[in-house]
*Asks:* 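Take a look at the following structure, please.
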Amino acid sequence: MENKKYYVTTPIYYPSANFHIGHCYTTVCADAIARFKKQEGYDVYFLTGSDEHGLKIEKKAEEAHVTPQEYVDKIIADAKDLWKQLNIEYNKFIRTTDDYHIETVQKIFKKLYDKGDIYKGEYKGLYCTPCESFWTETQLVDGKCPDCGREVYEVSEEAYFFKLSKYQDRLVEYIETHPEFIQPVSRKNEMINNFIKPGLEDLCVSRTTFSWGIPVSFDNKHVVYVWVDALSNYISALGYLSDDDTLFKKFWPADLHIVGKEIVRFHTIIWPSLLMALDLPLPKQVFGHGWLIINGGKISKSLGNYKDPREYIKDYGVDAVRYYLLREVPFGSDGNFSEELLINRYNTDLANTVGNLVNRTLSMLTKYFDGNIVKSDARTEFDSDLIKLVTSTKEKVESYMDKLEIPEALDSIFEIFRRCNKYIDETTPWILAKEENKDKLKTVLYNLLESIRIGAILLNAFLPDTSKEILRELNTSKVSYDDTNKFGELETDIHINDFKPIFMRMELKDE
Ligand code: MSP
């Protein structure tokens, strides 16, 4: 096979509060995409991590009476545990407090300064002293600080600027000539019309009013602006400008940056301009997904409307949570999250469709053939329709995944399970058993087991534990992605493994 590579990233998260289900959304989607590409034979690199600098973190640490490093270390340890529990199979977790990242950011800053794309100037703005924040006229509320409501003062601060304006024309041209660069397309129009066309101003890329950041190597009263620091993670993680840049040479440019809609702006304006200034190729695609919302509003610590996602995993299982995140919301749109919606999804699709099918089929095999997988030449009039659907699914799933239509991809796999349940109703195996029509009964059970095997393999990128468990129960060795190309690969000289019912129906747990 030709050597195809695929580099996919999530945003790196601010550890300014514990992670919620909205954060899990991006990461689970990226994980499913990465796993899927791996299955398709790509050499995949999947990067996630944390964005740990800035005034916000400095203040949180101060409130908690710990150092910023101690503050972030605790949240990151928790986050890594959450990703583990969610079966996130990343290649690397980058922290912007890692030494190699700090060094690379300093080198990037210096390189752009030497080139003349970063210059020293004066930042003028309205300043709120207690909040240590700069504001623009339009951000003020009744002329006062929007955060604390106090007076603001006009101040000016020495700062470094990046010549963003220099890249405006090249950026517009790139976006216009690469329609796949910003997806979904509505976000592309928003970027061009609302942000770029009105005119890009040079960007202030250093601060002197707080210290929790990466010092500018040649002027260390300045720390690097947190977005320049954060965005650089996508290349510092690969060893850009380091002694060993093998990964960088292999994987850059990124194939896909998945980001939430509110940060598409940074990824499609600042990031490509920085890359152009560094003479590097641009990422192939930035996909801006929507938000998970609760009761129509933001998920937020201050609103107290979220639980630690590990609670849901504990109560409903990891694949119930992954399934909800991957299936419920069209990728790109906003969608509601509630425990009730999660349970509804679980009951209709996981319990009634897959669980019911697998449990019924394995029970029938145990009852009628002592758990031995058997086959015969007999046919029923419903076989060909079932087989046609099962064998055409892989192509459909791949085509949906190429467009990042994750819920549609997942649903087409579930179409196999729904079709199997219908096949059971059509062929009525219990009547065949009564009639002692063993040959037809063998065919029916074989077709069901074979369809389940293929469906389970296709599920692997989305619900890895469920996929593995079903394949373990079937006791088959035909478990690779390529083993889904032909119907009839399931061995007949095997006995199924012990099984316990999967996905039993659930009720909402009492608070
Ligand atoms: N640190 C920046 C990203 C830097 S990338 C170079 C950041 N961090 S964040 O923690 O605030 O958000 C991380 C990601 O989580 C963003 O893509 C954001 O959109 C996503 N989400 C945060 N809340 C979310 C929901 N409620 N729903 C879906 N995604 C959400 O931004």
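Along the sequence shown, the residues carry numbers beginning at 1. Indexing begins at 1, ligand by ligand and atom by atom, following the structure's order.
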*Asks:* Give me the nearest non-hydrogen protein atom to atom 26 (N) of ligand 1 as residue plus atom name, then the distance to 0.1 Å.
*Replies:* L292 O, 2.9 Å

*Asks:* At a non-hydrogen distance cut-off of under 4.0 Å, which region of I299 contacts ligand 1 (side chain, backbone, both, or neither)?
*Replies:* side chain

*Asks:* Please tell me whether Y90 and T27 have a donor and an acceptor in their side chains that are separated by less than 3.5 angstrom.
*Replies:* no

*Asks:* Under the side chain to side chain contact (heavy atoms under 4.5 Å, CB included) test, which residues partner E122, sequence neighbours left out?
*Replies:* K124, S156

*Asks:* Give the residue and atom name of whichever protein heavy atom lies nearest to atom 10 (O) of ligand 1, and the separation in Å to one decimal.
*Replies:* Y14 N, 3.0 Å

*Asks:* Enumerate the atoms of ligand 1 whose separation from the nearest heavy atom of H267 is less than 4.0 angstrom.
*Replies:* 5 (S), 6 (C)

*Asks:* Atom 3 (C) of ligand 1: which protein heavy atom is closest, and how many Å away?
*Replies:* I12 O, 3.1 Å

*Asks:* With a distance cut-off below 6.0 Å to the six-membered ring centre and an angular limit of 45° from the axis, does K56 pair with Y14 as a cation-pi contact?
*Replies:* yes

*Asks:* With a cut-off of 4.0 Å, which atoms of ligand 1 are near a heavy atom of D51?
*Replies:* 1 (N), 2 (C), 4 (C)

*Asks:* What is the closest protein heavy atom to atom 17 (O) of ligand 1, and at what distance does it sit?
*Replies:* G260 N, 2.8 Å

*Asks:* For R505 and N352, which I'm curious about, is there any donor-acceptor pair between the side chains at under 3.5 Å?
*Replies:* yes

*Asks:* Under 4.0 Å, heavy-atom basis, I'd like to know which part of K261 is in contact with ligand 1: side chain, backbone, both or neither.
*Replies:* neither

*Asks:* Are Y323 and F462, when compared by the centres of their aromatic rings, separated by less than 6.0 Å?
*Replies:* no

*Asks:* What protein heavy atom sits nearest atom 6 (C) of ligand 1, and how far away is it?
*Replies:* Y234 OH, 3.5 Å

*Asks:* List every atom of ligand 1 that sits less than 4.0 Å from any heavy atom of I263, numbering the atoms from 1 in the order shown and giving each element.
*Replies:* 3 (C), 16 (C), 17 (O), 31 (O)

*Asks:* Any chance the side chains of H101 and S232 put a donor and an acceptor closer than 3.5 Å?
*Replies:* no

*Asks:* Nearest protein heavy-atom contact for atom 22 (C) of ligand 1: which residue, which atom, what distance?
*Replies:* H23 CD2, 3.7 Å

*Asks:* Decide whether H267 and Y234 meet the rule of one side-chain donor and one side-chain acceptor closer than 3.5 Å.
*Replies:* yes

*Asks:* Heavy atoms only: which of H20, E262, H289 is nearest to atom 23 (N) of ligand 1?
*Replies:* H20

*Asks:* Counting only heavy atoms not in K144 (residues, nucleotides, ligands), do more than 12 fall under 6.0 Å from its NZ?
*Replies:* no

*Asks:* Name the closest protein heavy atom to atom 20 (C) of ligand 1, giving the residue it belongs to and the distance to 0.1 Å.
*Replies:* T26 OG1, 3.9 Å

*Asks:* Enumerate the atoms of ligand 1 whose separation from the nearest heavy atom of A230 is less than 4.0 angstrom.
*Replies:* 6 (C)

*Asks:* Mark yes or no: R207 above the aromatic ring of Y123, with NZ or CZ under 6.0 Å from the six-membered ring centre and no more than 45 degrees from the axis.
*Replies:* yes

*Asks:* Does CG belonging to N295 count more than 12 external heavy atoms closer than 6.0 Å?
*Replies:* no

*Asks:* How does W227 reach ligand 1, by side chain, by backbone, by both or by neither, if only non-hydrogen atoms under 4.0 Å count?
*Replies:* side chain

*Asks:* For atom 30 (C) of ligand 1, grab the closest protein heavy atom and report residue, atom and distance to one decimal in Å.
*Replies:* G22 O, 3.6 Å

*Asks:* Tell me whether K80 forms a cation-pi arrangement with F93, defined as NZ or CZ under 6.0 Å from the six-membered ring centre and within 45 degrees of its axis.
*Replies:* yes

*Asks:* Considering the heavy atoms of G290, write down every atom of ligand 1 situated less than 4.0 Å from one of them.
*Replies:* 28 (C)

